[in-house]
Amino acid sequence: MSRIVIRGGLVVTAAEEVHADVLVQGGRIAALAARGSDPAEGWAGSADRVIDAGGMYVLPGGVDAHTHMELPFGGTFASDSFESGTRAAAWGGTTTVVDFAVQSVGESLRAGLDAWHAKADGRCAIDYGFHMILSDVTEDTLEEMDVLVEEGVTSFKLFMAYPGVFYSDDGRILRAMQRGAADGGLIMMHAENGIAIDVLVEQALAAGRTDPRYHGEVRHALLEAEATHRAIRLAQVAGCPLYVVHVSARQAVEQIALARDEGLNVFGETCPQYLFLSTDNLAEPGFEGAKYVCSTPLRPREHQAVLWRGLRTNDLQVVSTDHCPFCFLGQKELGRGDFSKIPNGLPGVENRMDLLHQAVVEGRISRRRWVEIACAAPARMFGLYPRKGTIAPGADADIVVYDPAAEQVLSARTHHMNVDYSAYEGKRITGQVKTVLSRGELVLDGREYVGRAGHGQYIPRGTCQYLV
Ligand code: URP
Ligand code: ZN
Ligand code: ZN
């Protein structure tokens, strides 16, 4: 049983910051001890490996609760496989992803889940779990939800957008929420009024407004807020907890804050793209704006302050990436002359921990809040805590040694995601991941990749641990 000691770092969890050495044994965190204390001095002598973390942070591995590896969407497939996407995640300090298995219309949940297991099995560099996308809510589907919860797929995404693809009407949504209330499943909602948006898309295209920036205009902030409100009230009627994914609009945050003030189990996730990018990017000249097409869409810059405030006040609990990469050449280009045909989604699984550390450097959030929103809260939200999301005896040894003083520039030339552009090209970041352990095995060692496809295991999850 290999013994690793991580020595001399500042251990940062959501709860505290302590100067401590960490002993890893048998894939788990065995103990923490104050630097220089008798036990810590004793460990080093018997360790197989001592990692010097002097001047570094020692963090729990990131938990990215929203990724789409190989998602079939918009007539193509997201360009990261489970192999390339989880490797890139590890480079960026994320050691667990929760990806979305998809039920296609007319298909069972089982068939969709099996297909996603087949894509991921034996290919991942880090651990992974699955949510289930419900595209076809029927009596059979509802019954299958109970079975999936028992098997550790404890969260279900529904769409109020994309009529004809993933869309569910209010009746189907209510029925799925009632089932979630009964079996402990967490309902995740893509909250945009897709029926109204499709009218605006048609009108924009008919008027010759075909550029990427119109993607942002037709997907109006009020249509995100309206759907968020509707989802909250449907969940309240059903007595079901609700997690609103990829929140981007100020007005949607207001709806979530209102519901939380009422004591409802309503939670919100935002993503780095909404915190750092804006409609200015969608309006970049030529067809460059296509790189920034995702849904919900990027918003005018002034929405960012409300998202940051929501993260500080806990009106928003989680930052995930919604990593859904499409190459500019050959994929985003499908929508030249018609913004509605641009595949929706942005890359980012490698960038999340660094971008949020930059927010720490700029004083937007504290170090502990960084670990909370990127590691601990997603682990608790999706039934992975304390195995994932913290550094404590008994937890999986998913550990990141992070250099808070390193300087880097984000770029497609140096990233490891399988996509030909970076949404953050040229952005300067203070801080960088140095070393990553997944269940006690080195994946990144002083910025040398030493991981392997197949190390990552499927993790069945418990139910939401965040309920009030
Ligand atoms: O644009 C996005 N968000 N693409 C991925 C699918 C989704 O709705 O999360
Ligand atoms: Zn969505
Ligand atoms: Zn998504």
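All ligand and atom numbering here is 1-based and tracks the order in the structure. Fair warning: this is a prediction, and the values are worked out from it, not measured in the lab.
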- Message: Tell me if the centroids of the rings in H66 and F100 come within less than 6.0 Å of each other.
- Response: yes
- Near ligand 1, which residues have a heavy atom under 4.0 Å away from one of its atoms? H66, H68, F73, K157, F159, Y162, H190, H246, C294, S295, D322, C324, N344, G345
- Message: Restricting to N, O or S, what is the name of the atom of H68 that lies nearest the Zn ion (ligand 3)?
- Response: NE2
- Item | Ring centre gap for F166 and F73 strictly below 6.0 Å | yes
- Message: Looking at T94 and A90, would you say the former's side chain and the latter's main chain have a donor-acceptor pair under 3.5 Å?
- Response: no
- Message: Could you tell me if the side chain of L282 sits less than 4.5 Å from the side chain of Y214, heavy atoms only?
- Response: no
- Query: Do K291's NZ or CZ and the ring of F328 fall within the cation-pi criteria of under 6.0 Å and 45°?
  - Reply: yes
- Task: Indicate, with yes or no, if the rings of Y458 and H117 have centres closer together than 6.0 Å.
- Result: yes
- Pairing residues for F382 by the ring-ring contact (aromatic ring centres under 6.0 Å, His included) criterion, not counting sequence neighbours: H131, Y243
- Environment of the Zn ion (ligand 2) in terms of protein N/O/S atoms, cut-off under 2.8 Å: K157 NZ, H190 ND1, H246 NE2
- Is H303 reaching over with its side chain to a backbone N or O of A249, donor-acceptor style, under 3.5 angstrom? no
- Hits for ring-ring contact (aromatic ring centres under 6.0 Å, His included) against Y402, two or more places apart or cross-chain, chain-then-number order -> H357, W370
- Task: Restricting to N/O/S, name the atom of H66 that gets closest to the Zn ion (ligand 3).
- Result: NE2
- Query: For the ring pair H190 and H246, is the centre-to-centre distance below 6.0 Å?
  - Reply: yes
